[in-house]
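In this text, all values refer to a predicted model and were calculated from it rather than measured experimentally. Protein chains get the first letters and strands the later ones, always in sequence-line order, with residue 1 at the start of each.
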Amino acid sequence: MKKDDHLFLIDGSGFIFRAFHALPPLTRKSDGLPVGAVSGFCNMLWKLLTQARDTSVGVTPTHLAVIFDYSSKTFRKEIYPEYKAQRPPPPEELVPQFALIREATRAFNLPCIEMEGFEADDIIATYAKMAVAAGGDATIISSDKDLMQLVGPNVHMYDGMKDRQIGVDEVVAKWGVPPEKMIDLQALTGDSIDNVPGVPGIGPKTAATLLEQFGDLDTLLEQAETIKQNKRRENIIANRDLVKISRQLVTLKQDCPVETPLDALKLEDQDGPKLVAFLKAMEFNSLTRRVAEATGAEAAEIEPAKVDAEWGSDTHGPDMETGGEDTAKEASADTGGGNTPADLAKARAARFAALPINREAYETIRDIDALNAWIAEARDRGLCAFDTETTSLDAMQAELVGFSLALYDEDEKDDGQAIRAAYIPLTHKAGQDDLLGGGLAEGQIDFDTALAALKGLLEDESVLKIAQNLKYDYLVMLRHGITVKNFDDTMLLSYALDSGMGGHGMDALSEKWLGHQPIPFKEVAGSGRNMVTFDHVDITKATAYAAEDADVTMRLWLVLKPRLPAEHVTTVYERLERPLVPVLSRMEERGISVDRQILSRLSGELAQKAAGLEEEIYQLADEKFNIGSPKQLGEILFGKMGLPGGKKTKSGQWSTSVQVLDDLAAEGHPLPSKIVEWRQMTKLKSTYTDALPGYIHPDTKRVHTSYSLAATSTGRLASSEPNLQNIPVRTAEGRKIRTAFIANPGHKLLSADYSQIELRVLAHVADIAQLKQAFADGIDIHAMTASEMFGVPVEGMPGEVRRRAKAINFGIIYGISAFGLANQLGIERSEAGDYIKRYFERFPGIRDYMEATKAAARDNGYVETIFGRRIHYPEIKSSNHQVRSFNERAAINAPIQGSAADIIRRAMVRIEPELQAAGLAETTKMLLQVHDELIFEVEDGDVDKAQTLIVDVMENASMPAVSMAVPLKVDARAAHNWDEAH
DNA sequence: CCCCAACCGTA
DNA sequence: GTACGGTTGGGGG
């Protein structure tokens, strides 16, 4: 190296972490290998080299090296064992990428340098000094403040991500001291991330002022007695020795015994084919194309390189030694030495289950500085768990009372400090139940101030927020103008992984995975009459409860997240679960208009009809009784009146179901049909016309349902409070309820529903020629089934024949049994059995599919939808015939119902971006989902355009993941109310 | 006050 | 025969 030569030193390790956190969290190769950081690294290198070789702009490197950390065992640990002792391990997805990034560096024909016992920063310092000594310049590609001490007339820094030069002036502007004082400044402030001790209460601003005043650190320490501020003076004097150690820790070693001489770092020409081969192996298609173009390599003729990196194959990365060794050790203890993703995930689960929870260590954060410090740490670590505490389970009514955070520190695990959690109370009230007070409790951060800080964290794309049942917190934050970005939801992780294996609530998951029972809510807030809202809970108790929630959530994430790739459900989670959180939150927030007057009028009508029927019933029974009591009704019908009782219920009571009552009515008894009619009236009244108005939100005047993403085993949503997925439609009387669901003035309700989606899915998965043909031709599927089975032509087919075929088609979807079909059609078991036999003769493919599905459920313990969603049946091998048969039917139904559910989920995820792109997002709002139907509220002028777009998105929702063998058909209609639109 | 059974609304 | 949630009555603690 000679005068005017220019050495570029790339801080590889620093870059890996920035690339990892700045990019979408999970970029993967087709085999599931995470490569997001590799991709970021390659793109950055290519950009840098392209610019660097362009002599028309800026500086041109003559020499270049990429420097990595080797391990955490450096000479600094000798000086101060606590140094970097609380670093978290790198994220699981990052681990396999360390080796790949070194390979990438070599593929770029660049020297890749690392040394045992030294940090990348020391090597960088050494080479920078060597370059300057040789008369050249050095540019460090990094934005790490630890490197800023090296900046000088001939040493610069460059932040590649922000495209920003960092020279002497920039250092002074940012830190208030010139580069040569950076060591003194860092020694004073310390560094909580690397565990460098400093002086408590001294941050960068104070440190800069002190250094300005005293000139340098030694003078400051000598004359510390002269500092005016009492606290500051005492702290500095008390920590003199520690500060000296800190200075040693932050001072970069400029004389590492580097093996590679400076001249060997000379920048070589690009080896086009070699680089293209590597990029192809990584499946970085656009970069491959660009590199091929620039280097003249023929991409099509180059074979992808053999890249040998798998999960856990090479864990060389900064601070990996402890974590890596432990993981391997536990893997061998638990799984016989396996190193597959599943083994690693298992080992990890065992590790966190064994980690004690320490409620005593939870902090209560009461001032903004402490909160900001926690948020800063969350940023540095790139992830945190988060939970809100409010006054209500209803996210639309809930008022924020406080929130909690949890952070993860790998190396503290032995004493139960691996995870730190804190509660930040915001609006807890002082005293209890006092009429005078109602004021805020002492020691809480100002609400708006805290919320602004929280907003910064939650909206920060580079920090992963982990929550349990995030949709709740997401909606609460949305109502405060905060949009959570970059998140995971432990409930949804569990759902994607373990659907069918029990509930996904936090208490159940904590018990299952951590063997830990969190403090029950009722122990904190009471229950029933004595329950208080969370703002009346004592802050100390609230801290224990709330911080524990964040703590447990973090642990669950650590256990569950690594299982995703190991069990091949990453795509299910990322495409079908997680993206629904914002979509459903917005739907819930919008709500739907319900006309009180209509409901009130209907309620009156129903009351009258029910009262009339009541009179008649008492007359016929010759006494008054509670018609709503099946027990009393049974006694009247089958005891007193002596009607022939048919079925009995499980508990030995006479059954009074519609089935039984209808049969009695058919025999000519007048009372049973009155009962059936009375039940219908009272059901409509109590469940709908009387209950719905109570759900009208006081502020929005609309009804906001709540959707559960993890309530069903199959992937369907569930709606509650109120359930808007079971609004009546089958009877004329019931449909009147739907006329109360209305669009705002100037708008229409648009309903779009999939036609026969489950039978279409069946035709696809079971690959049935006749069914596929029928759907392709658009003919009546039930009539086709009847025609095949009974040899009756479709033209002029009797209604009863078609009805039976329809029941059979539904039966197939439900995992048919002769018993069930007989019940449904009111025929003998043997006759139903004959139908089924005949059906399978005409459609043998269906029988094959059903047998194959049962076999798969037995062999694997689960079945899958066409998009890979898994539904587990742990009891499929039960020796109890009833239990086993039930599981078999459910296993047959799940791929069909679940695939249909996946399809509409995909449509829901896509619709809003598509509306946005078409300029319809402001006028077209998705409000409700009813399994195969979506309901929108659309401005009159855009109804036609919106309808076309929505139908198109829904009909193509399976693409490109699955190309269906039958077309999906969507019917849509718009009207002022839901009844007419449906 | 809590939980369960029975019943019934939807796809 | 599949998948849900809500209301009511009624029993037990």
Side-chain angles (χ1 to χ4, degrees), chain A residues 499-500 522 526-531 625-634 647-661 675-676 679-688 690-692 694-695 705-708 711-731 733-735 737-738 753-759 762 807-825 829 832-833 835-836 850 871 882 885-898 900-901 904 928-933 982:
Chain A
S499 186
K522 59 173 189 255
S527 66
R529 275 187 83 257
N530 303 315
M531 189 162 76
F625 64 102
N626 189 341
I627 311 170
S629 162
K631 189 170 179 274
Q632 293 183 36
L633 178 62
K647 289 185 297 184
K648 293 258 185 98
T649 65
K650 269 176 272 182
S651 55
Q653 292 256 313
W654 289 110
S655 169
T656 64
S657 65
V658 214
Q659 282 261 330
V660 172
L661 297 181
I675 306 284
V676 170
R679 278 198 185 149
Q680 201 200 3
M681 298 307 136
T682 51
K683 169 92 177 179
L684 293 176
K685 184 167 183 291
S686 67
T687 309
Y688 302 103
D690 289 355
L692 280 172
Y695 287 103
T705 185
S706 173
Y707 288 103
S708 307
T712 72
S713 58
T714 54
R716 276 194 179 178
L717 303 179
S719 157
S720 63
E721 289 180 286
N723 181 353
L724 296 186
Q725 290 181 322
N726 71 344
I727 302 302
V729 72
R730 288 175 189 182
T731 65
E733 200 65 39
R735 268 201 300 279
I737 311 275
R738 291 197 170 211
D753 67 292
Y754 283 105
S755 163
Q756 309 277 18
I757 187 167
E758 293 189 350
L759 281 175
L762 175 70
I808 291 165
N809 276 334
F810 274 100
I812 295 296
I813 289 169
Y814 297 155
I816 205 152
S817 79
F819 179 83
L821 184 62
N823 254 342
Q824 175 67 28
L825 288 175
R829 275 260 282 287
Y835 281 179
I836 295 169
M850 291 171 106
I871 300 108
Q882 283 237 356
S885 298
F886 176 76
N887 276 273
E888 287 175 351
R889 290 192 297 273
I892 288 166
N893 171 255
I896 303 168
Q897 187 184 119
I904 199 166
L928 302 177
Q929 190 250 42
V930 192
H931 308 309
D932 64 358
E933 175 188 15
H982 185 74

Participant: Please determine whether side-chain contact (heavy atoms from CB on, under 4.5 Å) holds for the pair A/Leu928 and A/Tyr707, giving the CA-CA distance in whole Å, both sets of side-chain angles, and the decisive distance to 0.1 Å.
Facilitator: CA-CA 9 Å; A/Leu928 302 177; A/Tyr707 288 103; 3.6 Å; yes

Participant: Mind checking the CD1-CD1 spacing from A/Ile812 to A/Ile892? Nearest 0.5 Å is all I need.
Facilitator: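 Here the rounded value is 9.0 Å.
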
Participant: Select base, sugar-phosphate, or nothing to describe what A/Ala691 touches, counting heavy atoms under 4.0 Å on all strands.
Facilitator: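 Sugar-phosphate contact only.
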
Participant: When you check the phosphate oxygens OP1 and OP2 of C/dC4, does a side-chain N or O of A/Ser719 lie under 4.0 Å from one of them?
Facilitator: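 Negative; the distance criterion is not met.
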
Participant: Within this structure, what is the CZ-to-C1' distance between A/Phe810 and C/dA3, rounded to whole angstrom?
Facilitator: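 To the nearest whole Å, that distance equals 13 Å.
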
Participant: Find every protein N or O atom lying less than 3.5 Å from an N or O atom of nucleotides 9-11 of chain B, and list the pairs.
Facilitator:
| residue | atom | partner | partner atom | Å |
| --- | --- | --- | --- | --- |
| B/dG9 | N3 | A/Asn726 | ND2 | 3.1 |
| B/dT10 | OP1 | A/Val729 | N | 2.6 |
| B/dT10 | OP1 | A/Arg730 | N | 2.7 |
| B/dA11 | O3' | A/Asp932 | N | 3.4 |
| B/dA11 | O3' | A/Asp932 | OD1 | 3.0 |
| B/dA11 | O3' | A/Asp932 | OD2 | 3.1 |
| B/dA11 | N7 | A/Arg730 | NH2 | 3.4 |
| B/dA11 | N3 | A/Arg716 | NH1 | 2.9 |
| B/dA11 | N3 | A/Arg716 | NH2 | 3.4 |

Participant: Heavy atoms under 4.0 Å is the rule here; annotate nucleotides 8-13 of chain C 5' to 3' with B where the base is hit, S where only the sugar-phosphate is, and - elsewhere.
Facilitator: SSSS--

Participant: Other residues, nucleotides and ligands only: do more than 12 of their heavy atoms fall within 6.0 Å of CD on A/Glu721?
Facilitator: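 Atom CD in A/Glu721 is not packed in, count stays at 12 or less.
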
Participant: Looking at A/Ser527, does any N or O in its side chain come under 4.0 Å of the phosphate oxygens OP1/OP2 on B/dC1?
Facilitator: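 For B/dC1, OP1/OP2 do not have a side-chain N/O of A/Ser527 under 4.0 Å.
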
Participant: What is the distance, rounded to the nearest whole Å, between atom CD1 of A/Ile813 and atom P of C/dA3?
Facilitator: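 Taking CD1 of A/Ile813 and P of C/dA3, I get 14 Å after rounding.
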
Participant: Does A/Phe886 have any ring-ring contact (aromatic ring centres under 6.0 Å, His included) partners at least two apart in sequence or in another chain, and if so, which?
Facilitator: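 ring-ring contact (aromatic ring centres under 6.0 Å, His included) check on A/Phe886 returns nothing, list empty.
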
Participant: A/Asp690 has an atom CG; how far is it from atom C1' of C/dG6, in whole Å?
Facilitator: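 Between C1' of C/dG6 and CG of A/Asp690: 13 Å.
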
Participant: What is the distance, to the nearest angstrom, from the CG atom on A/Leu724 to the P atom on C/dC4?
Facilitator: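 Rounding to the nearest Å, CG of A/Leu724 and P of C/dC4 are 18 Å apart.
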
Participant: Just compare C/dA3, B/dA6, B/dC1 and give me whichever is closest to any side-chain atom of A/Arg529.
Facilitator: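 Of C/dA3, B/dA6, B/dC1, B/dC1 is nearest to the side chain of A/Arg529.
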
Participant: What does C/dG13 pair with, Watson-Crick or G-U, if both distances are under 3.5 Å?
Facilitator: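 Paired with no nucleotide.
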
Participant: Under 4.0 angstrom, heavy atoms only, what part of the nucleic acid is A/Ser885 near: base, sugar-phosphate, or nothing?
Facilitator: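 No contact.
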
Participant: Ignoring backbone atoms, establish whether A/Thr649 has a side-chain N or O less than 4.0 Å from OP1 or OP2 of B/dA6.
Facilitator: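 Yes, because at least one side-chain N or O of A/Thr649 sits under 4.0 Å from OP1 or OP2 of B/dA6.
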
